[in-house]
Structures are given as structure tokens and as C-alpha cells.
A.B. asks: 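Could you have a look at this structure, given as C-alpha cells, before my questions?
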Amino acid sequence: MKLYNTLTRRPEDFEPLDGRIVRMYTCGPTVYDVAHIGNLRTFVFSDLLARTLAFLGWEVRNVMNITDVDDKTIAGAQARGLTLREYTQTYEQLFFEDLRTIGIRPAWKYPRATEHISDMIRLAQTLVEKGHAYVREGSVYFDISTFPRYGALSGVSATAGQVYSRLEADEYDRDDVRDFALWKAARPGEPSWDSPWGPGRPGWHIECSVMSTKYLGNTLDIHVGGVDLVFPHHENEIAQTEAATGESFVRFWVHVEHLLVDGQKMSKSLGNFYTLRDLIARGYEPKAIRHQLMTAHYRKQLNFTLDGLAQSTAAIFRLWDFADRLEEVGREGEISDETADVISTAERDFEAALRDDVNVPGALAVVFDLVRAVNPRLARDETTQGDAQAVLGFLKRADDVLGIMEHDRGALDADVERLIAERDQARKARDFDRADRIRAELANRGIILEDTPHGTRWRRSFDVG
């Protein structure tokens with residue numbers, strides 16, 4: 001499998017370090033608000049990567065952290081008059097609901113930062129003892145000058161003072177503006193924990209170093225995050241972890257590009273800021289939203305639009321309808337040579353796309369190519385049960401990676417069922433005007449009827465209001 005490594009800036013052959021278990025860490029949410037679709041793009045990709053690795057035969061141990069203590073969570077709790085845990089647990093629960101809704105499989109572990117404070121203190125102590133960190137007025141800072149390899153991931157020079165000043169500015173005193181906080185002395189009214197340097201709380205960067213190595217060991221196979229985290233977060237993770245352990249921290253750094261909305265950066269002020277809940281409230285299917293987030297390769301910017309989401313909705317509904325029709329095939333018979341060839345080609349091309357730097361758009365194209373190849377015989381009622389079960393088998397294997405096929409057609413209202421029955425009676429009585437009027441009325445309600453040799457089928461409209 002080829003996987004692009006941000007550290008080396010090229011695709012490389014990937015194998016887990018021990019040849020069997022992939023140790024993978026994903027930078028998870030800061031639970032101060034509901035996740036937006038830009039966040040979800042990264043989390044959906046992490047899910048796709050974990051599914052791909054499992055599809056290719058490896059065991060995956062994926063850890064995703066929950067950041068429940070930082071400046072944003074503290075400010076939010078203070079503004080609401082809540083304890084930190086009271087505030088963050090609400091958004092943590094909403095985050096997990098969103099993951100389930102959009103079809104993201106649970107990670108192996110979800111450690112919370114506040115449950116690992118003692119581990120963070122120990123790491124900071126180790127760095128002080130090794131001469132990589134220093135104490136100032138109850139805070140502890142990493143000394144970037146002691147780590148010559150700083151900047152290898154991002155290409156940002158350790159002498160770029162103005163960049164550091166902009167990105168890392170805070171009210172704490174440091175020897176150098178480039179240094180970053182491992183431990184922050186307590187401020188009035190903020191939650192704090194006891195430490196050798198007095199009460200305080202961890203810096204953001206140290207949280208991921210501790211939670212990743214605690215559960216996955218000193219060297220990770222893969223570390224996933226949004227491209228916005230390359231600097232300074234991931235650069236700082238490397239510095240503090242390798243300075244403490246003396247070992248290589250991450251073998252493959254994998255970063256997901258930005259998501260745009262209507263060609264612009266997502267912003268509440270522009271009115272193009274969406275959460276999963278916003279889109280579902282507008283009537284969009286969660287799996288269609290997942291599909292839309294998969295339509296661009298993870299290393300390319302994705303331009304998210306409502307028109308594109310409508311196209312994803314149509315694509316998903318057509319795929320579901322195709323699978324439903326296969327389930328209804330009644331013609332007995334074994335799989336044909338033609339169908340066997342189509343499936344063999346699809347299996348080969350689907351795996352090849354995934355092995356090529358997790359090319360999910362390419363894998364999706366393979367699935368829809370198969371649909372186009374099988375549909376003509378299905379429409380002519382030439383598909384056998386052997387054909388249908390073989391195609392459904394491929395779709396199930398593909399969906400173990402894609403996660404878009406599971407669906408519930410849903411029950412029809414009694415009134416709609418009555419109209420469908422009335423239309424059937426009108427057609428039998430050759431009252432085609434009445435049948436056409438009922439069909440048009442149902443279409444206005446979002447129910448599309450299709451007359452087949454096996455009777456009338458219904459599906460929901462692709463259109464979204």
C-alpha cells in the first residue's frame with residue numbers, strides 16, 4: 001500500500017512496524033462546541049483509512065483523543081457558569097452522536113485529556129530533567145533550541161520568530177517567543193491540578209503526546225489530523241515526544257486538506273457554516289453527507305456545496321435502489337460469466353484504488369461503474385439470483401470500507417399505501433388517466449413509482465427540499 005507521508009513529502013510503501021497491528025492516532029475534537037463539517041471531513045477520512053487498513057488484512061488500533069481542557073473549553077464553561085466537566089460532557093455526547101449518525105465506526109480508545117493529567121506532569125518533568133524544558137513562575141516551557149530537528153515536518157524554521165509570535169502568543173513569560181507551554185500556571189478562576197511547580201493545567205500540545213504514546217507506544221505507525229495542525233501542533237508533538245523518549249515518534253504523518261464551502265473558507269459571518277445537524281434538519285441523508293465528504297481525495301481541498309450534496313443524495317439513493325432491486329431478483333440460476341467478469345474487474349480495481357494512497361473517490365467510481373455494467377441486464381429481467389447474490393456480495397465488501405450502503409427505506413404512510421393500491425386497481429381496469437394522476441400526486445409527495453415485470457416498486461425521490 002502506498003501512503004503519502006507529510007514528513008518525507010512523498011508516497012511511501014506502508015507496512016505496520018510489527019507487520020500485523022497498525023498503531024494509529026487521530027487528533028480528535030476539542031469539545032467546546034458542536035463539530036462542523038470541516039471537522040467531520042477529517043474524522044470521516046480517519047474512519048475510511050482505518051477501514052481500508054482492516055480491508056487489506058491488518059488489525060487496527062485507532063486512538064482518538066478528546067480535548068476537554070484548553071483555553072476554549074475553560075472560557076466556555078466560565079461563560080455558562082458550569083464546571084469544566086459539566087460543560088464538556090454535553091459536547092462530547094453530541095460528538096459521539098454525530099459519529100454514529102454519519103457512520104463512523106468507534107475508535108479503539110477515546111482517552112480524555114483530563115484523565116491523563118498525571119501522565120502529562122511526568123512527561124514535563126522528564127523534559128525538565130533532560131534539559132529540554134525550563135520553569136518560569138509555575139509554568140513549564142519546551143526549549144526549542146535544544147531540539148535541532150524542529151521544523152522537519154512543517155518546513156517552518158526554528159528561527160521564524162514572527163510566525164511563532166503570531167501562533168503561540170499568550171500571557172505567560174518565556175525565554176524565547178518560539179518556546180511553547182508544557183504546563184501553564186493556574187490563573188484565578190480557572191480549573192487547575194497540583195503539580196511540582198504549583199497548581200496549573202497542561203498545555204494543548206503535550207496532551208496528544210501523552211495520550212498517543214500511553215496507548216500505542218513510543219513509535220506510532222500513523223498519525224492523522226487536519227492540515228491546519230501540521231504547525232505548530234504536530235511539530236510540537238514531535239519535539240516534546242522525541243526529546244523525552246529518544247525514539248522516532250511517528251512513521252507516517254497523514255494530513256487531510258481544508259474543506260471549503262461554496263469556494264470560500266467556512267465562516268458563520270458568511271452564512272456558509274454547517275454542522276451535520278444543520279444539514280439533516282434541511283432534509284439531507286447522513287450517508288449522502290458522508291458521500292459528499294468522500295468525493296475529493298483527502299490531500300485535495302473539497303469544495304462543499306448544497307448542489308454537490310444534492311448530487312450525492314441522488315447517487316446514494318440510486319445505489320440503494322440498485323441494491324433493493326437485486327434483493328428482489330426472482331429468476332433462478334447460477335452466476336453468469338459476464339457478471340463474474342464484471343465483479344472480478346471491480347474487486348481488482350477497488351482494491352487498487354485503496355492501495356494507491358487511499359484513493360476513495362477512485363474506489364467509489366469503481367462501485368458505480370459496476371452498477372452501470374449490471375443495470376442493463378437487471379432492467380431486462382435477465383439477472384439471475386446467482387448474479388444478484390454475487391453483486392450484493394461485492395457491494396457488502398466494498399461497503400466495509402465506504403460505509404454508505406446501509407439504509408432503511410422506511411415505512412409508507414397508510415394514505416400513500418392506499419394510493420398505490422388504488423393505482424394498481426386503476427391500471428388493471430385500464431383507467432390510465434386515473435393511474436397517471438395518482439402517480440403524479442405521489443411524485444409530489446416524494447414517492448416515485450416504477451412498474452416492473454414483478455409488480456410496482458416505489459422509492460423515495462432524489463430531490464431534497
A.B. asks: Sort out for me which residue in Asp119, Thr241, Asn236 forms a side-chain contact (heavy atoms from CB on, under 4.5 Å) with Ser209.
C.D. replies: Thr241
A.B. asks: Determine the minimum heavy-atom distance between Ser248 and Thr219, stating which atoms define it.
C.D. replies: O-OG1, 2.6 Å
A.B. asks: Hydrogens and angles aside, do Glu235 and Ser154 bring a side-chain donor and acceptor to less than 3.5 Å of each other?
C.D. replies: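 There is such a pair (donor and acceptor under 3.5 Å, judged by atom type) between the side chains of Glu235 and Ser154.
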A.B. asks: Between Glu285 and Thr313, does a side chain to side chain donor-acceptor pair (under 3.5 Å) hold up when you go through it step by step?
C.D. replies: CA-CA 7 Å; Glu285 285 281 348; Thr313 302; over 6 Å; no
A.B. asks: Is there a donor-acceptor contact under 3.5 Å from the side chain of Arg251 to the main chain of Glu15?
C.D. replies: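 Checking the backbone N and O of Glu15 against the side chain of Arg251, a donor-acceptor pair under 3.5 Å is found.
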A.B. asks: State whether Arg51 and Asp400 are salt-bridged, where the test is any N-O pair (Lys NZ or Arg NE/NH1/NH2 against Asp/Glu carboxylate O) under 4.0 Å.
C.D. replies: no
A.B. asks: Return the NZ to NE2 distance between Lys287 and His407, rounded to the nearest 0.5 Å.
C.D. replies: 10.0 Å
A.B. asks: Would you please classify the geometry between the Phe180 ring and the Phe142 ring as parallel, tilted or perpendicular, with 30° and 60° separating the classes?
C.D. replies: parallel
A.B. asks: Are side-chain N/O atoms of His132 and Thr146 paired as donor and acceptor at under 3.5 Å?
C.D. replies: yes
A.B. asks: Do Thr383 and Arg325 get their side chains close enough for a donor-acceptor pair, meaning under 3.5 Å?
C.D. replies: no
A.B. asks: Do Lys396 and Asp399 sit within salt-bridge range, that is, some charged N less than 4.0 Å from a carboxylate O?
C.D. replies: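 Looking at Asp399 together with Lys396, the answer is no, because their closest N to O distance does not fall below 4.0 Å.
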A.B. asks: Will you find, in the side chains of Arg377 and Ser336, an N or O donor that is under 3.5 Å from an N or O acceptor?
C.D. replies: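 Short answer, yes.
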A.B. asks: Locate the shortest heavy-atom distance separating Ala50 from Asn62; write the atom from each residue and the value.
C.D. replies: CB-ND2, 4.4 Å
A.B. asks: With rounding to the nearest 0.5 Å, note down the distance linking CH2 in Trp193 to OG in Ser118.
C.D. replies: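 Trp193 CH2 to Ser118 OG: 11.5 Å, rounded to 0.5 Å.
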A.B. asks: Rounded to the nearest 0.5 Å, how far does OG of Ser46 lie from NE2 of His223?
C.D. replies: 10.5 Å
A.B. asks: Please check if any side-chain donor atom of Ser139 sits under 3.5 Å from a side-chain acceptor atom of Trp197, or the reverse.
C.D. replies: no
A.B. asks: Does the gap between the ring centers of Tyr25 and Tyr215 come in under 6.0 Å?
C.D. replies: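 When the ring centroids of Tyr25 and Tyr215 are compared, they turn out to be at least 6.0 Å apart.
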A.B. asks: Could you give me the CA-CA distance, side-chain angles and deciding distance for Leu279 and Leu306, then say whether side-chain contact (heavy atoms from CB on, under 4.5 Å) is met?
C.D. replies: CA-CA 9 Å; Leu279 296 169; Leu306 293 184; 4.0 Å; yes
A.B. asks: If every non-hydrogen atom of Ala124 is compared with every non-hydrogen atom of Ile206, which pair is closest and at what distance?
C.D. replies: N-CD1, 4.1 Å
A.B. asks: Under 6.0 Å between ring centres: does that hold for His205 and His234?
C.D. replies: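 No: the rings miss the under 6.0 Å criterion.
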A.B. asks: Are a donor atom and an acceptor atom from the side chains of Thr384 and Asp387 found within less than 3.5 Å of each other?
C.D. replies: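 There is such a pair between these side chains.
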A.B. asks: Between Asp13 and Arg355, is there a side-chain N and carboxylate O pair less than 4.0 Å apart?
C.D. replies: no
A.B. asks: Just checking, is any N or O donor in the side chain of Tyr32 or Asp68 under 3.5 Å from an acceptor N or O on the other one?
C.D. replies: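 On atom types as modelled, these side chains do not qualify, holding no pair under 3.5 Å.
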A.B. asks: Would you say the ring centers of Phe14 and Phe252 fall short of 6.0 Å from each other?
C.D. replies: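 Ring centres of Phe252 and Phe14 closer than 6.0 Å.
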A.B. asks: Hey, does the Lys NZ or Arg CZ of Arg397 hover above the aromatic six-ring of Phe55, less than 6.0 Å from the centre and inside 45° of the axis?
C.D. replies: no
A.B. asks: Looking at every non-hydrogen atom in both residues, tell me the closest pair between Lys130 and Ala243 and how far apart they are.
C.D. replies: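 Between these two residues, the closest heavy atoms are CD-O, 3.6 Å.
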A.B. asks: Hey, could you give me the CZ/CD distance between Phe304 and Gln292, rounded to the nearest 0.5 Å?
C.D. replies: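 Going from CZ on Phe304 over to CD on Gln292, the span is 5.5 Å.
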A.B. asks: Could you give me the CA-CA distance, side-chain angles and deciding distance for Arg61 and Met24, then say whether side-chain contact (heavy atoms from CB on, under 4.5 Å) is met?
C.D. replies: CA-CA 6 Å; Arg61 292 184 184 170; Met24 173 176 156; over 6 Å; no
A.B. asks: Would you check if Val63 and Ser212 make a side-chain contact, meaning some heavy-atom pair closer than 4.5 Å?
C.D. replies: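 Val63 does not reach Ser212 side chain to side chain.
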A.B. asks: Could you check whether Glu97 and Thr101, counting side-chain N and O atoms only, form a donor-acceptor pair closer than 3.5 Å?
C.D. replies: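 No donor-acceptor contact under 3.5 Å links the two side chains.
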A.B. asks: Counting distance only, does the side-chain N/O of Asn39 pair as donor-acceptor with the main-chain N or O of His36 below 3.5 Å?
C.D. replies: yes
A.B. asks: Could Arg112 and Glu92 be called an ion pair, given the rule that one side-chain N must be under 4.0 Å from one carboxylate O?
C.D. replies: yes
A.B. asks: Evaluate side-chain contact (heavy atoms from CB on, under 4.5 Å) for Ile222 paired with Val250, printing each intermediate quantity in order.
C.D. replies: CA-CA 6 Å; Ile222 300 173; Val250 174; over 6 Å; no
A.B. asks: Can you tell me how far the CH2 atom of Trp253 sits from the CG atom of Leu7, to the nearest 0.5 Å?
C.D. replies: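 CG of Leu7 is found 8.5 Å from CH2 of Trp253.
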A.B. asks: What's the verdict on salt bridge (Lys or Arg N to Asp or Glu O under 4.0 Å) for Arg105 and Asp47, showing C-alpha distance, side-chain angles and the deciding distance?
C.D. replies: CA-CA 7 Å; Arg105 289 177 176 169; Asp47 178 57; 5.5 Å; no
A.B. asks: Could Lys2 and Asp356 be called an ion pair, given the rule that one side-chain N must be under 4.0 Å from one carboxylate O?
C.D. replies: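 Between Asp356 and Lys2 there is no salt bridge, as every charged N stays at least 4.0 Å from the carboxylate O atoms.
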A.B. asks: Measure the OG1-CG distance between Thr126 and Leu123 for me, rounded to the nearest 0.5 Å.
C.D. replies: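 Spacing of OG1 (Thr126) from CG (Leu123) equals 6.0 Å.
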A.B. asks: Mind listing the closest non-hydrogen atom pair of Ala353 and Gly362 along with its distance?
C.D. replies: CB-C, 3.9 Å
A.B. asks: Does Arg9 use its side chain to pair, donor to acceptor, with the backbone of Leu153 at less than 3.5 Å?
C.D. replies: yes
A.B. asks: Please check this pair: side chain of Glu242 against backbone of Phe249, looking for a donor-acceptor N/O pair closer than 3.5 Å.
C.D. replies: yes
A.B. asks: Please report the C-alpha distance between Phe95 and Thr88 in whole Å, then the side-chain angles of each, then the deciding distance to 0.1 Å, and finally whether the side-chain contact (heavy atoms from CB on, under 4.5 Å) criterion is met.
C.D. replies: CA-CA 10 Å; Phe95 172 71; Thr88 60; over 6 Å; no
A.B. asks: If we check side-chain contact (heavy atoms from CB on, under 4.5 Å) with His255, which of these qualifies: Thr42, Thr6, Asp228, Val224?
C.D. replies: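 Between His255 and the candidates, side-chain contact (heavy atoms from CB on, under 4.5 Å) is satisfied uniquely by Thr6.
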A.B. asks: I'd like to know if Arg201 pairs up with Asp71 as an ion pair, taking the criterion as any Lys NZ or Arg NE/NH1/NH2 lying under 4.0 Å from an Asp or Glu carboxylate oxygen.
C.D. replies: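 Asp71 and Arg201: salt-bridged.
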A.B. asks: For a side-chain contact (heavy atoms from CB on, under 4.5 Å) with Thr52, tell me which candidate from Leu354, Leu402, Asn359 qualifies.
C.D. replies: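 Single pass found, and it is Leu354.
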A.B. asks: Salt-bridged, Lys72 to Asp33, with N to O below 4.0 Å?
C.D. replies: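 Between Asp33 and Lys72 there is no salt bridge, as every charged N stays at least 4.0 Å from the carboxylate O atoms.
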A.B. asks: Check whether the side chains of Tyr4 and His297 place a donor and an acceptor atom closer than 3.5 Å, and report yes or no.
C.D. replies: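 There is no such pair (donor and acceptor under 3.5 Å, judged by atom type) between the side chains of Tyr4 and His297.
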A.B. asks: Nearest heavy-atom pair of Trp183 and Ser195: which atoms, and what distance?
C.D. replies: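 Closest approach of Trp183 to Ser195, heavy atoms only: NE1-OG, 3.3 Å.
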A.B. asks: Taking CD in Glu334 as the centre, count heavy atoms belonging to other residues, nucleotides or ligands within less than 6.0 Å. Is the count above 12?
C.D. replies: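 Result for CD/Glu334: open.
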A.B. asks: Does the side chain of Thr305 pick up a donor-acceptor pair with the side chain of Asp307 at under 3.5 Å?
C.D. replies: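 Checked: Thr305/Asp307 side chains show no N/O donor-acceptor pair below 3.5 Å.
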A.B. asks: Has the side chain of Thr245 got a donor or acceptor atom that lies under 3.5 Å from a matching backbone atom of Glu247?
C.D. replies: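 Yes; judged by distance alone, with no hydrogens or angles, the pair exists.
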A.B. asks: Say whether Ser344 and Asp341, considering side chains only, have a donor N or O and an acceptor N or O under 3.5 Å apart.
C.D. replies: no
